[in-house]
Amino acid sequence: MPELPEVETTLRGIEPWIADQIITQLNVRQGSLRWPVTPGLAKIAQGQKVCALRRRAKYLIMQLERGSMLIHLGMSGSLRLVEPETEWRKHDHIEMQMSNGSVLRYHDPRRFGCWLWSGAEHSQLARLGPEPLSADFDGHRLYQLSRKRKMAVKPFIMDNNTVVGVGNIYASEALYRSGIRPDRAAGNIAEKRYMVLSGHIKEVLKAAIEQGGTTLRDFVNGNGEPGYFQQTLAVYGRGGQPCRHCGTLLKEIKLGQRSSVFCPNCQR
DNA sequence: CTTTCAGCCTGACGGC
DNA sequence: TGCCGTCAGGCTGAAA
């Protein structure tokens, strides 16, 4: 499940191998993703240089000479560098060959990701909130945006309009660290608590990115799956198990269609 | 305006 | 053993 840290880790892993290189060939084997892969993408991309690779929210933006490719990993997607002529695995959908011999493979069993070309601005990026690790995101923003909102705080912080890149895992963990119940109404939380929460969102994402860095070699070699976060998760996926702080059994509820685990004693 | 929810897709898992 | 239902997840756009 690629969340922001995984996307950032992917970016850092592949960037040195493809930046400033020319796309010699692009193969689309399966173009039926979240949105259909832009028709003619292979022909459009071929011969263009990768001028830059950057991340916005959970999107990767591959800046080429005449426009950009917007890439999303959905929830099961991955980008890996593989040896040339590597046998195609099931669910390998796209391959990009570079002038330095690097080969990038896109693998995505559930096909929730996307590869979209645009010569101008991608509409998907138009109304995104601030990056969680930027100075534009802080407790003041959470407080201001949440006034009079009845929505539970967890879906509120997972809303891309509030702040981007906070998925179910890290929202759950940040709320636990902040001592805030995920089902508390967003509009009913004091500014001070939002200051604490915004700090923990940043911390948890930073920590995950740092740990993701240890799996960089996996991306280069094309082996293995990143599984770095599992050991450090306090609540996500631990419903019914004891809280590591107080021993109270963690409670699991549904919020906005998503499972949410919290400690009824530590979080209020 | 805010909030909810279906739909996209496959693999893993539990029950029978 | 295999079949079936359920779940997981990000994101959009339509409905309430």
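Chain naming here is simple, since letters A, B, ... match the order of the sequence lines and numbering starts at 1 in each.
- A:Arg149 has a side-chain polar atom (N or O) that falls below the 4.0 Å cut-off from OP1 or OP2 of B:dT3.
- Summarising the geometry, the separation between CG on A:Leu128 and P on C:dG10 is reported as 15 Å, rounded to the nearest angstrom.
- Taking atom CG of residue A:Leu60 and atom P of nucleotide C:dC11, one finds them 12 Å apart after rounding to whole Å.
- The distance between atom CZ of A:Arg110 and atom C1' of C:dC11, rounded to the nearest whole Å, is 15 Å.
- Atom CD in A:Gln124 sits about 11 Å away from atom P in C:dC11, given to the nearest Å.
- Separation of atoms CD (A:Glu65) and CD (A:Gln48) is listed at 5.5 Å; rounding is to 0.5 Å.
- Among the protein residues, A:Gly113 comes within range of no part of the nucleic acid, since none of its heavy atoms lies under 4.0 Å from any strand.
- For the OP1/OP2 pair of C:dC11 and a distance below 4.0 Å, the side-chain nitrogens and oxygens of A:His72 include at least one atom meeting the criterion.
- A cation-pi arrangement is present between A:Arg105 and A:Trp88, with the terminal nitrogen or guanidinium carbon under 6.0 Å from the aromatic centre and inside a 45° cone about the axis.
- Side-chain N/O atoms of A:Asn160 include one lying less than 4.0 angstrom from OP1 or OP2 on C:dC11.
- Remark: the A:Arg258 side chain and the C:dA8 base include no donor-acceptor N/O pair separated by less than 3.5 Å.
- Relative ring orientation between A:His91 and A:His107 is described as perpendicular, the plane-to-plane angle rising above 60° on a 0-90° scale split at 30° and 60°.
- Nucleotide B:dT2 holds its C1' atom 12 Å from the CZ atom of A:Phe156, rounded to whole Å.
- A:Trp35 has its CH2 atom 11 Å from the C1' atom of C:dG13, to the nearest Å.
- The side chain of A:Lys254 places an N or O atom within less than 4.0 Å of a non-bridging phosphate oxygen (OP1 or OP2) of C:dA8.
- Between the CD1 atom of A:Ile169 and the C1' atom of C:dA8 there is a distance of 11 Å, rounded to whole Å.
- No donor-acceptor distance shorter than 3.5 angstrom exists from the side chain of A:Gln97 to the backbone of A:Val103, with no hydrogens or angles considered.
- One finds no side-chain N or O of A:His91 lying less than 4.0 angstrom from the OP1 or OP2 phosphate oxygen of B:dC9.
- Distance A:Asp159 CG to B:dT2 P: 10 Å, rounded to the nearest Å.
- Of the charged side-chain nitrogens involved, at least one lies within less than 4.0 Å of a carboxylate oxygen, so that A:Arg89 and A:Asp92 count as a salt-bridged pair.
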